[in-house]
Amino acid sequence: MSVDHVTLRPVAEDDLPVLERFLTEPETATPFQWFGWRDPDRWQRKWAENRMLGDDAGYLMVVRGEEGLGFVGWRKIRPTPSTYYWNMGIGLLPEARGKGWGTRAHRELVRYLFAHTTVVRIEADTEAENIAEQRALEKAGFTREGVLRSVGFRDGRWRDGVRYSILRDDLPDMR
């Protein structure tokens, strides 16, 4: 199967062990998403609450055929009382990284969010040292907006972040 066969689908209960790996296996979340031990039942509670598809946030599985590669997620950001946009992220299993599947998953999530919500902006953040994620965002059509100095604490030190965005008008078929 090619990169084009990477798709998104709702999280099923059978997918929860894949998601839990990001909370219980440092080697799965490393190098940029391991923030120490976290509540391993977090995903189970979110799934029981709303099948991980809410009005303010959601998660979808990234799959290639039947193979679970990881997940994408988004959350609502409200800069003013009458405005919101989405902030999105991705978590791919180590064996799924470096194959272009993350770029495809980013594109699919952008299309999904623009097709099913009225937002005009979607943003994504990553660590400044996460060059692979920055390349994936740029290949998916995101524009680098700037560096956020000392925005996140991980592995004993403060880390700079980089913010990217994509606007509805950036995609010709979404206007």
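All values below come from the heavy atoms of this structure, side chains included, with hydrogens, waters and symmetry mates left out. On a predicted model such as this, the values are computed, not experimentally measured, just so you know. One-based numbering along the sequence shown.
Residues satisfying the side chain to side chain contact (heavy atoms under 4.5 Å, CB included) test with S82, not counting sequence neighbours, are T80. Checked against salt bridge (charged side-chain N to carboxylate O under 4.0 Å, His left out), D41 has no partners two or more places apart in sequence or in another chain. By the ring pair (Phe, Tyr, Trp, His ring centres under 6.0 Å) test, F35 is found to be paired with no residue, residues two or more places apart in sequence or in another chain being considered. Partners of F32 under the ring pair (Phe, Tyr, Trp, His ring centres under 6.0 Å) rule, at least two apart in sequence or in another chain, do not exist in this structure. The salt bridge (charged side-chain N to carboxylate O under 4.0 Å, His left out) search around R9 returns D15, not counting sequence neighbours. In this view, E67 satisfies the salt bridge (charged side-chain N to carboxylate O under 4.0 Å, His left out) rule with no residue, not counting sequence neighbours. Applying the ring pair (Phe, Tyr, Trp, His ring centres under 6.0 Å) test to W47 and every residue at least two apart in sequence or in another chain returns nothing.
Follow the hydrophobic side-chain contacts under 4.5 Å out from F114 and you reach V62 in the same cluster. W74 and V63 fall into different hydrophobic clusters, where Ile, Leu, Val, Met, Phe, Trp and Tyr residues are linked whenever their side-chain heavy atoms come under 4.5 Å apart, directly or through other members. Clustering ILVMFWY residues whenever any of their side-chain heavy atoms sit less than 4.5 angstrom apart, transitively, puts L171 in a cluster other than the one holding V120. Under the 4.5 Å side-chain contact rule for hydrophobic residues, V18 and I90 do not share a cluster. Neither M52 nor V72 shares a network with the other; the hydrophobic side chains, linked directly or stepwise wherever heavy atoms of I, L, V, M, F, W or Y lie under 4.5 Å apart, form separate groups for each.
W43 contributes a side-chain N or O that, together with a main-chain N or O of L19, makes up a donor-acceptor pair within less than 3.5 Å. Without hydrogens or angle criteria, D160 side chain to S150 main chain gives a donor-acceptor distance under 3.5 Å. Without hydrogens or angle criteria, R104 side chain to T7 main chain gives no donor-acceptor distance under 3.5 Å. Listed for the R107 side chain is a donor-acceptor partner under 3.5 Å among the backbone atoms of K139. Side-chain N or O atoms of R163 include none that pairs as donor or acceptor with a backbone N or O of E123 at under 3.5 Å.
Here Q44 contributes atom CD and L16 contributes atom CG; the two are 5.0 Å apart, rounded to the nearest 0.5 Å. Note that CG of L109 is 6.0 Å distant from CG of L8, once rounded to the nearest 0.5 Å. Interatomic distance, CD1 of I166 versus CG of L113, reported as 11.0 Å (0.5 Å rounding). Atoms CD and CG, from Q33 and L92 in turn, are 11.0 Å apart once rounded to the nearest 0.5 Å. For the atom pair CZ (R121) and CG (D169), the distance works out to 13.5 Å, reported to the nearest 0.5 Å. The line from CG of D55 to CG of N50 is 8.5 Å long, rounded to the nearest 0.5 Å.
Applying the 4.5 Å side-chain rule to ILVMFWY residues, one finds W34 in the same cluster as W37. Think of Y85 as one node in a network of Ile, Leu, Val, Met, Phe, Trp and Tyr side chains linked at under 4.5 Å; its network also takes in I77.
Heavy atoms only, all atoms of each residue included: P31 and R97 are closest at CD-NH1, 4.3 Å. Summarising the geometry of V6 relative to L69, their closest heavy-atom pair is CG2-CD1, 4.2 Å, with the distance given to 0.1 Å. When all heavy atoms of V162 and Y164 are compared, the pair lying nearest together is CG1-CE1, 3.4 Å. Taking all atoms of both residues into account, the shortest heavy-atom contact from T24 to P26 is O-CD, 3.7 Å. Pairing each heavy atom of E27 with each of P94, the nearest pair is O-CG, 3.6 Å. Of all heavy-atom pairs between V110 and M88, the closest is CG2-SD, 4.0 Å.
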- Verdict with reasoning, L137 to H106, per side chain to side chain contact (heavy atoms under 4.5 Å, CB included): CA-CA 7 Å; L137 289 166; H106 285 311; 3.9 Å; yes
- R51 vs L53, side chain to side chain contact (heavy atoms under 4.5 Å, CB included): CA-CA, chis, key distance, verdict: CA-CA 6 Å; R51 302 301 189 258; L53 292 170; 5.5 Å; no
- Apply side chain to side chain contact (heavy atoms under 4.5 Å, CB included) to F22 and L93, showing your working. CA-CA 8 Å; F22 289 90; L93 295 171; 3.8 Å; yes
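For CZ of R149, the number of neighbouring non-hydrogen atoms (other residues, nucleotides, ligands) closer than 6.0 Å is 12 at most.
Between K46 and E49 there is no salt bridge, since none of the side-chain N atoms of the basic residue sits less than 4.0 Å from a carboxylate O of the acidic one.
Ring geometry for Y112 against H116 counts as tilted: the plane angle lies between 30° and 60°, on a 0 to 90° scale.
Evaluation of the ring pair (Phe, Tyr, Trp, His ring centres under 6.0 Å) test over residues 126-148, restricted to residues two or more places apart or in two chains, returns none. Every pair passing salt bridge (charged side-chain N to carboxylate O under 4.0 Å, His left out) that includes a residue from residues 127-138 is listed here, sequence neighbours excluded: E127-R154, E129-R157, E129-R159. Contacts classified as salt bridge (charged side-chain N to carboxylate O under 4.0 Å, His left out) and involving residues 69-79 (residues at least two apart or in different chains) are given here: D56-K76.
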